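Small disclaimer: the values here were computed from a predicted structure and weren't measured. The figures here come from the full heavy-atom set of this structure, side chains too, leaving out hydrogens, waters and symmetry mates.
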Amino acid sequence: MLLYPRKTKYKNLFNRKRTKFLNNRIFSPNFKDFAIVSLESGKLNSKQIELLRKTLRRLLKLQGKFWLNVYPNKNITKKSEGVRMGKGKGNVKFWYGSISKGVVILEVSGCSWNQIKKVAQQIRNKLSIKILLTVNRFFIT
């Protein structure tokens, strides 16, 4: 089940050409044990977010719980192939969520350090941006 907004004010959004999303704050996990933080800005489309959710569910089983902090709320439109210029804007191709540098993408609790290391390695291979695994400073093992 891919994520996308149920209803938007306008059918197609105006695409901003700005690729870098500015955020100077590095977030730490809020009350959770571990967090995965982005090291660069970029876009995560709804397929990547769904793949991330399925990977977490498969590797954590029922032992851990996770919270995703990214939601695809912007769309990219594209006209179908072979269509001439003009006649308005194309249909929605996919939805994406913009990620700033240093933002917590997801938080995990209730699992061991070895499990979360495996999860982080799997997620690194699947996402298009660089990530970092952080530990909550109040978490003691």
Side-chain angles (χ1 to χ4, degrees), residues 1-139 141:
M1 179 185 91
L2 296 177
L3 294 172
Y4 60 91
R6 185 177 297 155
K7 186 177 179 184
T8 56
K9 186 171 182 181
Y10 300 105
K11 180 183 166 191
N12 299 329
L13 294 175
F14 181 75
N15 293 330
R16 302 286 181 189
K17 298 300 178 189
R18 188 171 156 200
T19 56
K20 291 194 176 184
F21 308 102
L22 300 176
N23 192 352
N24 297 327
R25 297 175 294 173
I26 299 283
F27 293 107
S28 62
N30 303 326
F31 315 115
K32 312 308 184 282
D33 299 340
F34 305 102
I36 292 187
V37 178
S38 66
L39 290 177
E40 59 187 12
S41 60
K43 298 176 183 178
L44 289 182
N45 64 16
S46 57
K47 288 182 182 179
Q48 288 175 319
I49 296 169
E50 180 64 17
L51 189 67
L52 181 65
R53 188 192 65 79
K54 284 183 178 179
T55 303
L56 286 164
R57 184 54 33 217
R58 188 182 74 241
L59 292 175
L60 293 179
K61 307 217 185 306
L62 295 175
Q63 297 170 354
K65 188 167 178 157
F66 62 90
W67 292 265
L68 284 169
N69 295 337
V70 62
Y71 185 77
N73 57 355
K74 297 177 182 168
N75 62 18
I76 293 288
T77 59
K78 185 170 181 177
K79 295 188 106 152
S80 56
E81 194 174 330
V83 175
R84 294 187 179 186
M85 297 285 285
K87 309 269 191 298
K89 197 166 182 177
N91 295 328
V92 174
K93 185 177 178 189
F94 64 88
W95 292 86
Y96 73 93
S98 59
I99 302 291
S100 308
K101 179 180 177 182
V103 169
V104 174
I105 297 173
L106 66 100
E107 299 180 60
V108 183
S109 69
C111 63
S112 66
W113 173 250
N114 292 331
Q115 272 185 316
I116 196 67
K117 277 200 317 191
K118 288 178 187 174
V119 168
Q121 186 58 41
Q122 290 281 331
I123 290 171
R124 265 190 203 101
N125 297 335
K126 294 179 189 314
L127 293 183
S128 60
I129 59 174
K130 292 180 184 175
I131 59 167
L132 174 72
L133 176 63
T134 61
V135 179
N136 193 351
R137 58 178 169 237
F138 302 113
F139 180 68
T141 54

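- Side chains of Q48 and Y96 form no contact here, defined as non-hydrogen atoms less than 4.5 Å apart.
- Counting heavy atoms from C-beta outward, W113 and L133 have side chains that approach closer than 4.5 Å.
- When all heavy atoms of K118 and L59 are compared, the closest pair comes out as O-CD1, 4.3 Å.
- E50 places a side-chain heavy atom less than 4.5 Å from the side chain of K54.
- Remark: the backbone N or O of S100 is paired with a side-chain donor or acceptor of S38 at under 3.5 angstrom.
- The nearest pair of heavy atoms linking R124 to I131 is CG-CG1, 3.6 Å.
- Here the shortest heavy-atom pairing between I76 and K43 reads CD1-NZ, 4.4 Å.
- Two residues are said to be in side-chain contact when any heavy atoms from C-beta on lie closer than 4.5 Å; I99 and V70 meet this criterion.
- Applying the 6.0 Å contact sphere to NZ of K93 captures no more than 12 heavy atoms from other residues, nucleotides or ligands.
- In this structure the side chain of I105 reaches within 4.5 angstrom of the side chain of L52, judged on heavy atoms.
- P72 has its side chain out of reach of L44: every pair of non-hydrogen atoms, C-beta onward, lies at least 4.5 Å apart.
- The side-chain contact (heavy atoms from CB on, under 4.5 Å) test with L106 singles out one residue from L68, I49, V37, and that residue is L68.
- For the pair D33 (side chain) and C111 (backbone), a donor-acceptor distance under 3.5 Å is absent.
- Put simply, the side chain of Q122 reaches to within 4.5 Å of the side chain of K126, judged on heavy atoms.
- Interatomic distance, CZ of F94 versus CG of N75, reported as 9.5 Å (0.5 Å rounding).
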- Item | side chain to side chain contact (heavy atoms under 4.5 Å, CB included) evaluation trace for V119 with L56 | CA-CA 7 Å; V119 168; L56 286 164; 3.3 Å; yes
- Message: Determine whether F66 and R57 satisfy the following criterion, side chain to side chain contact (heavy atoms under 4.5 Å, CB included), listing intermediate values before the conclusion.
- Response: CA-CA 9 Å; F66 62 90; R57 184 54 33 217; 3.2 Å; yes
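- Scanning for side-chain hydrogen bond (donor to acceptor under 3.5 Å, both in side chains) contacts around Q63 gives Q115, with sequence neighbours left out.
- The shortest distance between side-chain heavy atoms of I36 and V108 does not fall below 4.5 Å.
- Contact record, E40 with I129: OE2-CA, 3.3 Å, taken as the closest heavy-atom pair.
- Of the possible polar contacts, one joining the K79 side chain to the G88 backbone as a donor-acceptor pair under 3.5 Å is found.
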